Amino acid sequence: MGARDISFASFNLLNLQTPGDAIYGDTDGWDPVIYQRKVDFTASVMGRLDADVVGLQELWATEALDHVLEEAGMTADFDPLVPPDHNGNGIVCAAAVRKGMLVGEPEWIVDFPDEYVLKTGGDDPQQDYLEVNLSTFSRPVLHFQVQPDDRTPVIHVFVCHFKSRRPTQIWRERSWYEKEVHGPHATALGYAISTVRRTAEAAALRVIITKLTKKTDTPVVVIGDMNDGKNSNTLNILSEQPTYLSPLSSGGGDNALYTAQTIQEYRSVRDVYYTHVFQGQRESLDHILFSQEFYDNSKRRKWAFDEMVVQNDHLNFDDHKESGTNDHGVIRVGFKWKPASGATS
């Protein structure tokens, strides 16, 4: 691997919490034996990935991540990024970054940007007024900068974890929920609420990214469990649906994001990409997106897509609470330093 090459990975840790500490309503938390299995599995995967930047979701305890890095033999070579005031009472987005690459201090973005507004009277006279009053991310988005080599641009990295697709449990709503009235429709209403929240989070992050990339040459990588597929409205909002099969002379969208999944599919005989299994359905919920500086056909390319690897064999077994495995596939994407002809190298 060349000094200016770089690799990224996404890893949902499935509630990595220290043993005996609460995980939501489960006040007993992980049994010490199961916890050690989780550490063993997570450390094995982290070591095998050997990615420069690993975006993490569902981390509860900073100490648990320290255990993983120590067992993986990564402590001397990687900096863990965890909110400094995190007390283990909820899940956070985190990261492990190869030492020497981090530029500046990481931040965790809680509030939606001021430019985010979901309010409209509609563009059709038959439509009613709509307003979505959300102003924060369910899980703060981690934002930091890395530079693989002093001869390369600085890369902005975002690690996100959007609202799950499980229906929101509206029976908890004390102000309006009535079992006799709303109970028969709880699943439909719950799914709709989760979708609205996830859509709002995607739009808010897209605003942040557009402010950073519009009319600039700023490299951006977005890593995360987005809880939706690459053709979903969530990903359409976040990526701005760029054109992939365009000639080099005109390729690359100014503030678009490209999915590693699509690039890998173009190189594969068939699509075998999945990172989650639910009721026998294999789907992709975890993604790595990147700006035109990483897109092969972009005239502003700095890095070229090398390879994507998905570790998902453990998803064939629904024993994660006993085996210590996680319920998401782990993805890794590598890029080679290869500026397009005419681009500054």
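Small disclaimer: the values here were computed from a predicted structure and weren't measured. The chain is numbered in sequence order, starting from 1.
Here the side chains of Ile6 and Trp337 are not in contact, with every heavy-atom distance at 4.5 Å or above. Counting heavy atoms from C-beta outward, Phe335 and Asp306 have side chains that stay 4.5 Å or more apart. Counting heavy atoms from C-beta on, the side chains of Phe112 and Leu205 never come closer than 4.5 Å. Residues Tyr35 and Asp31 are not in side-chain contact: their nearest non-hydrogen atoms beyond the backbone lie 4.5 Å or more apart. For the pair His161 and Ile91, the minimum side-chain heavy-atom distance is below 4.5 Å. With contacts defined as side-chain heavy-atom distances shorter than 4.5 Å, the pair Ser10/Val330 does not qualify. Under the 4.5 Å side-chain criterion, counting only non-hydrogen atoms from C-beta, Trp303 is in contact with Ile155. Counting heavy atoms from C-beta outward, Gln36 and Val33 have side chains that stay 4.5 Å or more apart.
Counting non-hydrogen atoms of other residues, nucleotides and ligands closer than 6.0 Å to CD of Gln127 gives a total above 12. Annotation for Arg197: atom CZ does not count as buried by contact number, only 12 or fewer foreign heavy atoms lying within 6.0 Å. Annotation: Asp128, atom CG; neighbour count of heavy atoms from other residues, nucleotides and ligands within 6.0 Å does not exceed 12.
Evaluated for a side chain to side chain contact (heavy atoms under 4.5 Å, CB included) with Tyr258, the options Phe305, Phe290, Phe294 yield exactly one hit, Phe290. Each of Arg332, Arg4, Arg98 was checked for a salt bridge (Lys or Arg N to Asp or Glu O under 4.0 Å) with Asp52, and the lone residue meeting it is Arg98.
Atoms CG and CD, on Leu16 and Gln57 in that order, are 12.0 Å from each other to the nearest 0.5 Å. Atom CG of Asn87 sits about 3.5 Å away from atom CG of Asn89, to the nearest 0.5 Å. Taken from OG1 in Thr42 to NE2 in His67, the straight-line distance is 12.5 Å, to the nearest 0.5 Å. With values rounded to the nearest 0.5 angstrom, Gln261 atom CD is found 6.5 Å from Met308 atom CE. Between the CE atom of Met226 and the NE2 atom of His287 there is a distance of 6.5 Å, given to the nearest 0.5 Å. Interatomic distance, CH2 of Trp171 versus CG of Leu189, reported as 15.5 Å (0.5 Å rounding).
For Gln17 (side chain) and Ala22 (main-chain N/O), a donor-acceptor pair under 3.5 Å exists by modelled atom type. The backbone N or O of Asn236 lies less than 3.5 Å from no partner atom in the side chain of Glu240, so there is not a single donor-acceptor pair. Of the possible donor and acceptor atoms, one in the side chain of Ser298 sits under 3.5 Å from a partner among the backbone N and O of Gln292. For the pair Thr213 (side chain) and Ile209 (backbone), a donor-acceptor distance under 3.5 Å is present. With hydrogens and angles ignored, the 3.5 Å screen pairs a side-chain donor or acceptor of Ser194 with a backbone N or O of Thr168. Without hydrogens or angle criteria, Glu293 side chain to Val220 main chain gives no donor-acceptor distance under 3.5 Å. Judged by distance alone, with hydrogens and angles left aside, the side-chain atoms of Lys38 form a donor-acceptor pair with the main-chain N or O of Leu13 at under 3.5 Å. Put simply, the side chain of Gln147 never gets that close to the backbone of Leu102: no donor and acceptor are under 3.5 Å apart. Without hydrogens or angle criteria, Asp5 side chain to Gly2 main chain gives a donor-acceptor distance under 3.5 Å. Remark: side-chain polar atoms of Asp149 are not paired, donor with acceptor, to backbone N or O of Thr152 under 3.5 angstrom.
For the 3.5 Å distance criterion, the side chains of Thr262 and Thr259 qualify, holding a donor opposite an acceptor. For the 3.5 Å distance criterion, the side chains of Asp111 and Thr136 fail to qualify, holding no donor opposite an acceptor. Side-chain atoms of Asn326 and Asn12 form no donor-acceptor pair, as typed in the model, at a separation below 3.5 Å.
Taking every heavy atom of both residues into account, Ala200 and Tyr116 meet most closely at CB-OH, 3.4 Å. Ala72 approaches Ala43 most closely through the heavy-atom pair CB-O, 3.5 Å. Closest heavy-atom contact between Pro167 and Thr187: CB-O, 3.8 Å. Minimum interatomic distance between Val154 and Pro219 (heavy atoms only, all atoms of both residues): O-CD, 3.4 Å. Nearest heavy-atom pair, Asn15 versus Trp30, reported as atom, atom and distance to 0.1 Å: O-NE1, 2.7 Å. Contact record, Pro140 with Val110: CG-CG2, 3.9 Å, taken as the closest heavy-atom pair.
Arg198 has a carboxylate O that lies under 4.0 Å from a charged side-chain N of Asp228, or vice versa, which qualifies the two as a salt bridge.
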Steps toward side chain to side chain donor-acceptor pair (under 3.5 Å) verdict (Thr210, Asn255): CA-CA 6 Å; Thr210 295; Asn255 59 309; 3.3 Å; yes
Step by step, would you call Lys215 with Asp254 a side chain to side chain contact (heavy atoms under 4.5 Å, CB included)? CA-CA 6 Å; Lys215 297 182 179 179; Asp254 179 30; 4.0 Å; yes
Decide side chain to side chain contact (heavy atoms under 4.5 Å, CB included) for Val141 and Cys93; before the verdict, give the C-alpha distance in whole Å, the side-chain angles of both, and the deciding distance to 0.1 Å. CA-CA 7 Å; Val141 173; Cys93 292; over 6 Å; no
Output, in order, the C-alpha distance, side-chain angles, deciding distance and verdict of side chain to side chain contact (heavy atoms under 4.5 Å, CB included) for Arg206 and Ile208. CA-CA 5 Å; Arg206 163 38 69 184; Ile208 292 170; over 6 Å; no
Please evaluate residues His86 and Trp60 with respect to the criterion ring-ring contact (aromatic ring centres under 6.0 Å, His included), reporting the C-alpha separation (whole Å), side-chain torsions for both, the decisive distance (0.1 Å), and the verdict. CA-CA 9 Å; His86 182 56; Trp60 285 79; 8.0 Å; no
Applying side chain to side chain contact (heavy atoms under 4.5 Å, CB included), run through Val222 and Leu257 and close with a yes or a no. CA-CA 8 Å; Val222 182; Leu257 296 177; 3.8 Å; yes
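The aromatic rings of His156 and His143 sit parallel to each other, their planes meeting at less than 30°, with 60° as the upper class boundary. Between Phe11 and Phe41, the angle of the ring planes goes over 60°, which puts this pair in the perpendicular group of the 30/60° scheme.
Val309 and Met46 fall into different hydrophobic clusters, defined by Ile, Leu, Val, Met, Phe, Trp and Tyr side-chain heavy atoms under 4.5 Å apart, directly or through other members. Ile223 is not connected to Ile237 by any chain of hydrophobic side-chain contacts under 4.5 Å among Ile, Leu, Val, Met, Phe, Trp and Tyr, and they are in different clusters. Cluster membership for Leu56 and Leu289, using ILVMFWY side-chain heavy atoms within less than 4.5 angstrom, is not shared. Transitive grouping of hydrophobic side chains (ILVMFWY, heavy atoms separated by less than 4.5 Å) keeps Leu14 and Leu65 in distinct clusters. The cluster map of Ile, Leu, Val, Met, Phe, Trp and Tyr, joined by side-chain heavy atoms under 4.5 Å apart, puts Phe8 and Leu142 in the same cluster.
Aromatic ring centroids of Phe137 and Trp108 lie 6.0 Å or more apart.
Residue pairs satisfying the salt bridge (charged side-chain N to carboxylate O under 4.0 Å, His left out) criterion with at least one member in residues 62-88, sequence neighbours excluded, are listed as follows: Asp79-Lys99.
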